[in-house]
Student: 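Okay, here's the structure, questions in a sec.
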Number of protein chains: 2
Amino acid sequence: MTKQPGRKRDREATRARLLECARLRFARDGYDGTSVRDVAGDVGVDPALVFRYFGSKSGLFSDAMATSQEAVVLPDGPVEELPAKLLHQLVFEDWAEYAGEHPLIAMLRSASHEDMRDRVRQQVCDGYLGVLSELAEGNDDKDLRTELFGAWLLGIGILRTAVGTPSLTKATEADLTPHLASVAKALFGRDIPV
Amino acid sequence: MTKQPGRKRDREATRARLLECARLRFARDGYDGTSVRDVAGDVGVDPALVFRYFGSKSGLFSDAMATSQEAVVLPDGPVEELPAKLLHQLVFEDWAEYAGEHPLIAMLRSASHEDMRDRVRQQVCDGYLGVLSELAEGNDDKDLRTELFGAWLLGIGILRTAVGTPSLTKATEADLTPHLASVAKALFGRDIPV
DNA sequence: TCCTCAAGTCATCGATCGGTGACTTACCTG
DNA sequence: CAGGTAAGTCACCGATCGATGACTTGAGGA
């Protein structure tokens with residue numbers, strides 16, 4: 001990712017590399033902890049180029065997070081397998097691109113600005129909660145129970161990666177699956193085989 | 001909280017006011033988003049005084065968070081009431097001193113530095129998880145189930161205050177208690193009246 | 001080959017940050 | 001009332017930040 005004197009001049013490729021490095025930096029160090037010079041230095045390019053391409057630092061941030069949203073692939077398949085799949089994706093998948101943390105958890109680090117909060121909420125609601133809502137039945141408080149289950153998955157991810165609580169950090173996916181099933185049954189009122 | 005020309009020169013009182021305003025700033029804007037000049041301006045004092053009292057910005061941060069830890073009162077009483085009390089304290093109590101958010105959730109905003117992560121982990125483990133562990137029985141994975149329940153409470157707090165998910169934001173304490181009971185029963189294997 | 005236009009660079013600005021040391025002011029004591 | 005001491009202030013430093021505009025360089029077409 002360092003400057004290579006003989007590389008070609010390719011606007012789109014350079015732009016993509018800037019976005020990639022920006023995603024990693026913003027996720028690992030947060031918005032304030034990342035400077036435009038850092039990102040440009042990772043790509044091996046002059047910092048002024050970042051402003052030519054993205055207008056401002058917040059523009060770079062928005063574009064980087066917008067492209068990251070496409071990278072999150074929501075699982076499909078039988079609804080009974082959704083909790084296990086979401087747990088795997090939120091907690092156990094190796095998000096090397098985001099310094100080992102899930103993008104959502106990493107984004108919370110930069111949630112000081114209001115637009116970041118809106119983006120996280122939209123991604124959570126339209127993405128994960130929308131998938132999870134297929135699990136809930138009934139009309140009374142379907143959405144609430146869905147969000148409660150999503151809160152659990154998010155809390156597990158945060159305690160594991162951001163806080164580093166001992167038992168959850170050591171736990172394997174197999175250690176969590178039985179509890180995943182029992183909590184899913186308690187919230188959704190039906191058996192969820194995992 | 002502005003400068004009052006006729007106020008007395010009281011080192012301890014000024015120091016306490018600095019810590020109070022620092023806690024609010026750090027919680028609301030994060031470590032990087034808070035400047036020493038901001039905190040000093042809130043108290044109505046010269047920024048240089050902050051360095052005279054706390055040595056550095058990180059010293060101010062450490063002292064502010066150390067004093068905040070004492071402010072967290074862990075509930076006691078019958079173990080059966082612990083989940084409801086913790087839920088109230090983590091989610092529904094009005095933490096006006098910390099811009100409406102629970103200190104733990106606010107601290108995650110400043111978790112870019114490593115010592116912040118250690119402090120949050122220590123506070124979670126020695127505090128909340130220690131209290132919750134009285135709920136778990138058996139020896140197989142007592143600690144894991146305790147952390148799983150703590151993860152849920154933390155996730156609820158984050159979805160409510162930091163993400164702003166719709167149903168959880170609107171939910172009252174009474175809306176959550178039945179689900180709190182069922183999940184506690186699922187994880188701890190015994191009835192928890194709430 | 002040479003010209004053109006876009007990709008990329010360079011120099012620099014103004015603001016703000018954490019931090020330092022000399023200075024001034026107010027309170028307490030004798 | 002006088003003077004010492006601690007609380008609080010002032011001026012300033014070096015570094016870094018986001019951002020701007022003029023400049024240079026390289027690749028492709030006529």
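Chain letters run A, B, ... following the sequence lines, proteins first and then strands; every chain starts at 1.
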Student: Quick one: does any side-chain atom of B:Arg25 pair with a main-chain N or O of B:Val39 as donor and acceptor, under 3.5 Å?
Tutor: no
Student: What string of B, S and - do you get for nucleotides 12-23 of chain D, 5' to 3', if B is base contact, S is sugar-phosphate-only contact and - is no contact with any protein heavy atom under 4.0 Å?
Tutor: -----BBBBB--
Student: So, are A:Lys170 and A:Asp175 salt-bridged, with charged N and O less than 4.0 Å apart?
Tutor: no
Student: Parallel, tilted or perpendicular: which describes the rings of B:Phe149 and B:Phe188, with under 30° parallel and over 60° perpendicular?
Tutor: tilted
Student: What is the distance from CD of B:Glu12 to P of D:dG8, rounded to the nearest Å?
Tutor: 10 Å
Student: Starting at atom CG of B:Leu18, determine the distance to atom C1' of D:dG8, rounded to an integer number of angstrom.
Tutor: 11 Å
Student: In whole Å, I'd like the distance from the CG atom of B:Asp10 to the P atom of D:dA7.
Tutor: 9 Å
Student: Can you check whether B:Arg9 has a side-chain N or O nearer than 4.0 Å to OP1 or OP2 of C:dC27?
Tutor: no
Student: Measure the CG-CG distance between A:Leu153 and A:Leu132 for me, rounded to the nearest 0.5 Å.
Tutor: 6.5 Å
Student: Measuring to OP1 and OP2 of C:dA7, would you say a side-chain N or O of A:Tyr53 lies under 4.0 angstrom away?
Tutor: no
Student: Under 4.0 Å from OP1 or OP2 of D:dA7: is there any side-chain N or O of B:Thr14 that close?
Tutor: no
Student: So, are B:Asp42 and B:Arg17 salt-bridged, with charged N and O less than 4.0 Å apart?
Tutor: no
Student: Just to be sure I understand the rule, does A:Phe54 reach a base, reach only the sugar-phosphate, or reach nothing, if contact means heavy atoms closer than 4.0 Å?
Tutor: nothing
Student: In whole angstrom, what separates B:Phe61's CZ from C:dG18's P?
Tutor: 13 Å
Student: My understanding is that only residues two or more places apart in sequence, or in another chain, count here; which of them pass salt bridge (Lys or Arg N to Asp or Glu O under 4.0 Å) with A:Lys85?
Tutor: A:Glu81
